[in-house]
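First the structure, in the form of structure tokens, and then the observations on it.
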Amino acid sequence: WAPAKRGDLISFFSLEFAGPVGFVSSSGEAKYHEVCRDPPDADPHNSFSFRFIQSNLVPGTTYRFRIRAFNGYGPGSFTYKTFTTLTTAPIQPKVTRLASDCVTLRWIFSKGFFRRFEELKKVFLLADGDHSGQVSREELAAVLDDRAGASQQLRDFLFKAAAGMGIDLTHGYGALFDAIEGDDDGGLTWEEFESFFLAVGWGNASLAASRTNNSFSVSQSLRASMVSTASALKPSVSKQSSDITYVVERCESEFEGTYREILRTTTGQGTVHRLEPGKSYRFRVYSLNAAGVAG
């Protein structure tokens, strides 16, 4: 900030903060409180800093400030200003539905979603007894027989998913192997295992619930890369405002690194249509705050 007019006689500035837009006190009005006095001791002989850093803010959220100057005659009028923080990068999108001409990507998930995928990861690690990173048909059948026998929820889910694909599990869970394994190399990777269960609905939770403060966003270590692949990185918890727009872009040239916007949404998922069967695609997602500024 700075004086309204050069040469104004000012003893000190008082900066006040009222929190995020929409947050009001019990009286129904925004409640401001002083967060900075410049200079701190209000001594007119000291230098002004004309700046203040407000920390511990939520990404993608609009906040209210006001400031006024004081001199020997008292306070001047308030000047009001709102600022919107940048958003954090969405987590690496997961493919939740895949068809020959369209794909559904999702990048906002509930705590329950990741809890269920932690359970799924344990199943895979049990099957991967030799820690090779791949599971055979026999290993998969053995661990699913064991876990499904102890979990009615898992058993019902597997039978429902298999029925939807026309697979008969009455003679064992080995019949699922061919449906999960995608490259016919005789081994099942975690990426194939995860993609299959994601596509058939394992871990599904209300998308609306995942837009609350229990939703997950990307950690600092993931912000360097926003490009989607079939595999997923595990994110960390981060609170973020719901007043956010997500932009999905498709790679036009991997060599030149050019992308084109194909979808804009305020939800945590989107479906891309009119794709060519059998062709590989690369997507990325970024977010905009209420002011339309990319994080």
Side-chain angles (χ1 to χ4, degrees), residues 91-100 103-207 210 214 216 218-219 221-222 225 227-237 269 278 280-283:
I91 72 166
Q92 192 176 43
K94 291 177 179 286
V95 175
T96 58
R97 188 179 300 275
L98 184 63
S100 60
V103 62
T104 298
L105 305 172
R106 185 172 172 182
W107 50 88
I108 292 182
F109 303 93
S110 67
K111 287 183 177 180
F113 175 91
F114 285 104
R115 191 160 49 241
R116 297 201 72 184
F117 266 85
E118 282 296 320
E119 297 170 3
L120 193 64
K121 185 71 172 181
K122 292 177 182 178
V123 172
F124 182 84
L125 292 176
L126 282 173
D128 184 22
D130 59 0
H131 308 293
S132 65
Q134 290 194 332
V135 173
S136 68
R137 179 190 297 270
E138 293 73 21
E139 289 173 328
L140 177 67
V143 74
L144 289 182
D145 281 335
D146 179 64
R147 295 303 290 255
S151 171
Q152 186 66 35
Q153 181 187 34
L154 177 59
R155 184 181 186 279
D156 292 344
F157 178 84
L158 291 174
F159 270 83
K160 182 178 179 180
M165 295 180 290
I167 298 174
D168 183 9
L169 296 183
T170 56
H171 300 294
Y173 295 100
L176 279 175
F177 184 87
D178 292 332
I180 301 175
E181 201 247 346
D183 52 15
D184 297 325
D185 63 355
L188 183 66
T189 65
W190 163 246
E191 286 75 19
E192 292 171 323
F193 196 68
E194 181 194 42
S195 296
F196 169 81
F197 277 89
L198 184 64
V200 296
W202 179 262
N204 273 357
S206 169
L207 186 60
S210 69
N214 287 331
F216 284 72
V218 75
S219 65
S221 62
L222 297 183
S225 175
V227 179
S228 171
T229 60
S231 61
L233 298 177
K234 183 179 178 182
S236 63
V237 180
Q269 66 178 7
S280 296
Y281 290 90
R282 190 174 180 86
F283 301 94

Who are the side-chain contact (heavy atoms from CB on, under 4.5 Å) partners of [X], not counting sequence neighbours?
X	answer
Ala142	none
Lys122	none
Ala99	Asp101, Cys102
Leu126	Val143, Arg147

Closest non-hydrogen atom pair, [X] against [Y]:
X	Y	result
Gln134	Glu139	O-OE1, 3.9 Å
Thr104	Gln269	CG2-OE1, 4.4 Å
Leu169	Leu158	CD1-O, 3.5 Å
Trp107	Ile91	O-CG1, 3.3 Å

**Prompt:** Who pairs with Phe196 by ring-ring contact (aromatic ring centres under 6.0 Å, His included), at least two apart in sequence or on another chain?
**Reply:** none
**Message:** Could you walk me through whether Val103 and Tyr281 satisfy the side-chain contact (heavy atoms from CB on, under 4.5 Å) test, starting with their C-alpha distance in whole Å, then the side-chain angles of each, then the deciding distance to 0.1 Å, before giving a yes or no?
**Reply:** CA-CA 10 Å; Val103 62; Tyr281 290 90; over 6 Å; no
Quick one: side-chain hydrogen bond (donor to acceptor under 3.5 Å, both in side chains) partners of [X], sequence neighbours excluded?
X	result
Thr170	Asp168
Thr96	none
Asp156	Gln152
Arg137	Asp178

**Item:** Donor-acceptor pair, side chain of Asp128 and main chain of Gly133, under 3.5 angstrom
**Value:** yes
**Prompt:** Under the ring pair (Phe, Tyr, Trp, His ring centres under 6.0 Å) rule, what pairs show up with a residue in residues 129-153, not counting sequence neighbours?
**Reply:** none
**Request:** Measure the spacing between OG1 of Thr189 and CZ of Phe124 and express it to the nearest 0.5 Å.
**Result:**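 Reported value, rounded in 0.5 Å steps: 6.5 Å.
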**Prompt:** Does some side-chain heavy atom of Phe193 sit less than 4.5 Å from a side-chain heavy atom of Val135?
**Reply:**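 Of all side-chain heavy-atom pairs linking Phe193 with Val135, none is under 4.5 Å.
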**Request:** Please state whether the rings of Phe157 and Phe197 are parallel, tilted or perpendicular, taking 30° and 60° as the class boundaries.
**Result:**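 Phe157 and Phe197: parallel rings.
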